[in-house]
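In each ligand, atom 1 is the first atom listed, and ligand 1 is the first ligand listed.
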Amino acid sequence: MMTPTPFVPPAQRAAWQRLQALAAAPRPHLRELLREPQREARYALEAAGLRLDFSHQAVDDEVLKALQALADESQVDAQLAALFAGEPINATEGRAVLHVALRGSDAANPPWGEAVATQVRITRQRFLAFAEQAYRGDLRGFTQAPITDVVNLGIGGSDLGPRMAADALACACPAGAVRVHFVSNVDAWALYQTLRGLDPARTLFVAQSKTFTTQETLTLMASAQRWLTDAGCPASELGAHWAAVTTAPERAVAAGIHAERVFPFWDWVGGRYSIWSAIGLPLAMAIGENAFTQLLTGGAAMDAHVRQASPAQNLPLHMALLGIWNRNFQRMPTHHLAPYPMALANFVRFIQQMDMESNGKRTHVDGSPVGIETGPVVWGGPGIDGQHAYFQLIHQGTHRIPIDFIGVLQEHTPLPLAAQHHRVTLLNLRAQARALAEGRSAAATHALLEAAGQDADRLTPHRAFEGNVPSNTVWLPQLDPSHLGALIAAYEHKVFYQAAIWGIHAFDQWGVELGKTMASAMAQGK
Ligand code: F6P
């Protein structure tokens with residue numbers, strides 16, 4: 001059990017004050033920092049097949065040293081060990097936090113204990129066996145026709161992870177016998193537009209809800225059930241069209257879903273960290289058991305890295321510390337995610353929940369109000385589209401916005417000119433990182449305009465670029481299950497490390513309750 005040392009607010013820690021002093025001193029422009037020899041080689045880390053290039057971050061060795069001292073002073077290693085050991089670090093809910101056990105339970109002597117590992121393995125075998133039936137086209141509906149479409153009904157963590165990964169891996173993994181659709185929003189149009197192209201006799205619904213009390217998901221379930229019965233499905237056959245995933249199996253059974261089609265997970269898995277659990281069922285149906293297992297392996301490889309790497313070599317820790325430098329010491333309130341593979345278009349929404357529902361907190365673990373900034377506003381979208389939409393503001397607006405570019409080195413889209421598409425994509429990714437960092441000075445802009453015979457004096461102010469916009473680039477060799485697993489786990493650990501340093505609880509989400517309570521009170525006319 002981690003011995004609780006008295007909580008020291010971050011701003012009172014020596015390393016924090018050192019960082020404040022460094023931030024207050026004149027800082028070199030990124031344009032100068034990028035001229036340092038070997039900078040790209042020195043400011044890069046590799047783990048579980050990923051490469052983090054942080055050479056375009058506005059930091060130097062002194063700042064990095066102070067950031068690592070802050071991590072040390074915040075006891076991030078002890079806090080991480082407490083997580084892996086299954087200690088009740090989700091203190092306001094009195095729960096352990098063991099999403100890592102979902103992907104690491106095949107190893108011998110797991111830190112969370114054999115009992116949890118056995119539970120995980122048995123349940124995983126069950127839901128993957130069912131997923132494989134769907135993947136192979138072995139499931140049948142009430143007319144005995146094979147199931148060809150699976151519709152996932154769930155929201156938040158019961159939707160965003162599997163939806164994102166099914167999109168991301170559609171190209172890398174051999175397609176199975178079913179198309180998988182995701183419906184999360186309770187607005188009727190969301191379900192209608194998905195169902196209107198489907199055949200009820202060939203459609204399986206997967207109801208996913210950690211609590212099985214979420215109003216939106218229950219409403220979608222009732223509508224789907226009505227769609228089946230309106231299509232002539234006898235009550236006795238409805239079971240063939242339903243499966244469920246929840247931490248409250250008794251509620252799913254009470255809702256009429258056959259017990260053998262109910263797959264559990266546990267309260268020590270946060271919704272936004274649940275893709276590795278049976279919540280991954282629709283994903284496994286889309287990509288198959290092998291590919292899903294590779295996703296777990298990639299996540300477990302990143303876990304092994306954070307447990308073994310020194311602070312100076314720890315990739316997710318650096319993502320966390322650079323984020324804290326930008327947030328708390330460079331005063332940047334938002335964080336932009338720019339994935340360049342279009343297959344990762346939904347990655348931003350997935351990370352928005354993971355990061356903002358975890359670190360959108362204003363109270364320290366000891367109950368005191370935070371005197372510092374915590375979780376940033378995370379926003380973003382596919383990089384190439386962003387360039388032609390909102391990058392104007394990132395280049396020349398009054399916000400300074402740190403960016404995570406995400407790129408893949410190898411591309412597998414089966415298009416004759418895919419290599420040409422890929423070349424343009426990577427050129428733009430690299431050029432944006434450089435342009436945002438280096439900018440173009442007024443003098444250089446003036447000279448350029450003059451050389452072009454334009455009204456340089458009048459136009460220079462409008463066409464110069466401040467630059468000094470920091471960014472990371474996270475490289476994947478290719479977008480496949482194991483590297484996607486490593487990427488997700490890297491961001492999970494980043495979020496954890498930031499919460500550990502900010503001294504906030506990352507694994508509860510009390511802020512979502514008041515609106516829900518008011519909605520149900522209003523429903524009762526109160
Ligand atoms: O309202 C937020 C939230 O509780 C998320 O934390 C969760 O992922 C989502 O709603 C869905 O909850 P459930 O899986 O219990 O339906």
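A parallel orientation is assigned to the rings of Phe329 and Trp325, their planes being inclined by less than 30° (bins at 30° and 60°). Note on ring orientation: taking the six-membered ring where Trp is involved, the planes of Phe7 and His364 are tilted (angle from 30° to 60°). Ring pair Trp189/Tyr192 is tilted by interplanar angle, where 30° to 60° counts as tilted. The aromatic rings of Tyr273 and His99 lie parallel to each other, their planes meeting at an angle below 30°, with 60° marking the opposite boundary.
Looking only at heavy atoms of the protein, atom 9 (C) of ligand 1 is closest to Ile155 O, 3.7 Å. Atom 12 (O) of ligand 1 has its closest protein heavy atom at Thr214 OG1, 3.6 Å. With hydrogens left out, the protein atom closest to atom 3 (C) of ligand 1 is Lys516 NZ, 3.9 Å, a heavy atom.
Not one N or O of Gln509 is nearer than 3.5 Å to an N or O of ligand 1, by distance alone. Geometrically, ligand 1 and Ser158 share a nitrogen or oxygen pair separated by less than 3.5 Å. Taking only nitrogen or oxygen atoms, main chain and side chain alike, Thr211 reaches within less than 3.5 Å of ligand 1. For ligand 1, one of its N or O atoms has an N or O atom of Gly157 under 3.5 Å away. Residue contacts with ligand 1: Glu357 is placed with a nitrogen or oxygen under 3.5 Å of a nitrogen or oxygen of the ligand (distance criterion only).
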Set out, in order, the CA-CA distance, both residues' side-chain angles and the distance that settles ring-ring contact (aromatic ring centres under 6.0 Å, His included) for Phe350 and Tyr491, then state yes or no.
CA-CA 10 Å; Phe350 172 64; Tyr491 274 91; 9.0 Å; no
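Closest heavy-atom approach to atom 7 (C) of ligand 1 within the set Glu216, Gln353, Arg272: this belongs to Gln353.
Applying the 4.0 Å criterion to heavy atoms of Ser209 picks out, from ligand 1, the atoms 13 (P), 14 (O), 15 (O), 16 (O).
Cation-pi geometry between Arg307 and Phe84 is met: under 6.0 angstrom from the ring centre, within 45 degrees of the axis.
The pair Arg124-Glu289 does not count as a salt bridge, with every side-chain nitrogen at least 4.0 angstrom from each carboxylate oxygen.
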